[in-house]
Amino acid sequence: MVKGEQMYEGKAKKVFAVADDPTLCIVDYKDDATAFNGLKKGTIVGKGVVNNRMSNMMFQLLEKKGIPTHFVQELSERETLVKKVQIVPLEVIVRNIAAGSLSKKLGIPEGTPLKSTVLEFCYKNDELGDPMVNEYHILAAGYASKEEVDTITDMALRINELMIQFFKTINIDLVDFKLEFGRCDGKIILADEISPDTCRLWDSRTHEKLDKDRFRRDMGGVEDAYKEVFARLGL
Ligand code: UDP
């Protein structure tokens, strides 16, 4: 396995080709952090390691429970071998407790438990600011097929159940999170990452924020929050 050329550099990760296997890629997690569609930039020292190792742990846990993912093998503390996928251009957001944009939009105070799970789709497009779309928009614009939307919906809700259960064991409330899916051999599989960058994680007892909101909202203690999640995961 030979690390090939850089294919892409995103806000938090670089993606490299694998010179001797076109079906694989290597993801390299950075410490760079952005928020508000790239308007706020900074560094969270050690974040790349936490996000890589946490994501890999979550993906392996989900695989064991029957969720297909892009995970292949952890290569180093910041690098992971993954299956190459074509990303479905949707951010899939799952919410259990009101926070962030949902609280703002609907006026439901942050921390209010939702009476039922909320699933949202946003079209992945920085120039447009990742607009929220519904199934009609997705089908009309051709972002995904009806069958794919159904599969993604079922997988996202199942992942939510599994993650809520898991985080409960380490005294963390899973407030909300974002997933991305990819197409691989005609199948939908979970891709991207699951980390404190993409989840809202609150201490179950104190409700302390253990995620990227500390960076977004200039709350301080950002590195410590990532380290705390890492420690609770036993990593
Ligand atoms: N999220 C993400 N990437 C995005 C937008 C949202 O990972 O580009 C995650 C975010 O960390 C949170 C959830 O999705 O866990 C819901 O985010 P929300 O819509 O409330 O947006 P925000 O308030 O973060 O702008």
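Start at 1 and go down the list; that is how both ligands and their atoms are numbered. We number each residue from 1, following the sequence as shown.
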Ranked by distance from atom 24 (O) of ligand 1, the top protein heavy atom is Arg200 NH2, 3.2 Å

Atoms of ligand 1 under 4.0 Å from any heavy atom of Asp197, numbered from 1 in the order shown, are 7 (O), 11 (O)

List the steps, then state whether salt bridge (Lys or Arg N to Asp or Glu O under 4.0 Å) holds for Arg217 with Glu110.
-> CA-CA 14 Å; Arg217 302 178 188 188; Glu110 231 180 32; 2.7 Å; yes

Could you tell me the residue and atom name of the protein heavy atom closest to atom 12 (C) of ligand 1, and the distance to it rounded to 0.1 Å?
-> Asp176 OD1, 3.1 Å

Can you tell me which residue pairs pass the ring pair (Phe, Tyr, Trp, His ring centres under 6.0 Å) test with a partner in residues 38-85, sequence neighbours excluded?
-> Phe59-His70

Quick check: are there more than 12 heavy atoms from other residues, nucleotides or ligands sitting under 6.0 Å from NZ of Lys40?
-> yes

Kindly determine whether Asp213 and Lys209 satisfy salt bridge (Lys or Arg N to Asp or Glu O under 4.0 Å), including the steps that lead there.
-> CA-CA 7 Å; Asp213 269 349; Lys209 296 187 198 313; 5.0 Å; no

Could you tell me which atoms of ligand 1, counted from 1 in the order shown, lie closer than 4.0 angstrom to a heavy atom of Arg95?
-> 16 (C), 18 (P), 19 (O), 20 (O)

Among Cys199, Pro196, Ser101, Ser103, whose heavy atom sits nearest atom 20 (O) of ligand 1?
-> Ser101

Note: Lys212, heavy atoms under 4.0 Å from ligand 1, region reported as neither

Identify the protein heavy atom lying closest to atom 6 (C) of ligand 1, giving its residue, its atom name and the separation to 0.1 Å.
-> Ile93 CD1, 4.2 Å

Is Asp211 touching ligand 1 with its side chain, its backbone, both, or neither, if touching means heavy atoms under 4.0 Å apart?
-> neither

Donor-acceptor pair, side chain of Asp32 and main chain of Thr43, under 3.5 angstrom | no

For Gly100, the atoms of ligand 1 under 4.0 Å from one of its heavy atoms are 20 (O), 23 (O)

Closest non-hydrogen protein atom to atom 4 (C) of ligand 1, residue and atom name please, with distance?
-> Glu91 OE1, 3.3 Å

Between Glu120 and ligand 1, which part of the residue brings a heavy atom under 4.0 Å of the ligand: side chain, backbone, both or neither?
-> neither

Relative to ligand 1, is Lys104 under 4.0 angstrom through side chain, backbone, both or neither, heavy atoms considered?
-> neither

Expected output: side-chain Asp20 to main-chain Val2 donor-acceptor under 3.5 Å = yes

How far does CD of Glu77 sit from CZ of Arg53, to the nearest 0.5 angstrom?
-> 8.0 Å

Can you figure out which of Glu110, Lys178, Arg216 has its heavy atom closest to atom 10 (C) of ligand 1?
-> Arg216

Kindly confirm or rule out an N or O of Asp213 lying under 3.5 angstrom from an N or O of ligand 1.
-> no

Cluster link Val15 to Ile87, ILVMFWY, side chain under 4.5 Å = no

For residues 149-162, which residue pairs qualify under salt bridge (charged side-chain N to carboxylate O under 4.0 Å, His left out), counting only residues two or more places apart or in two chains?
-> Lys146-Asp150

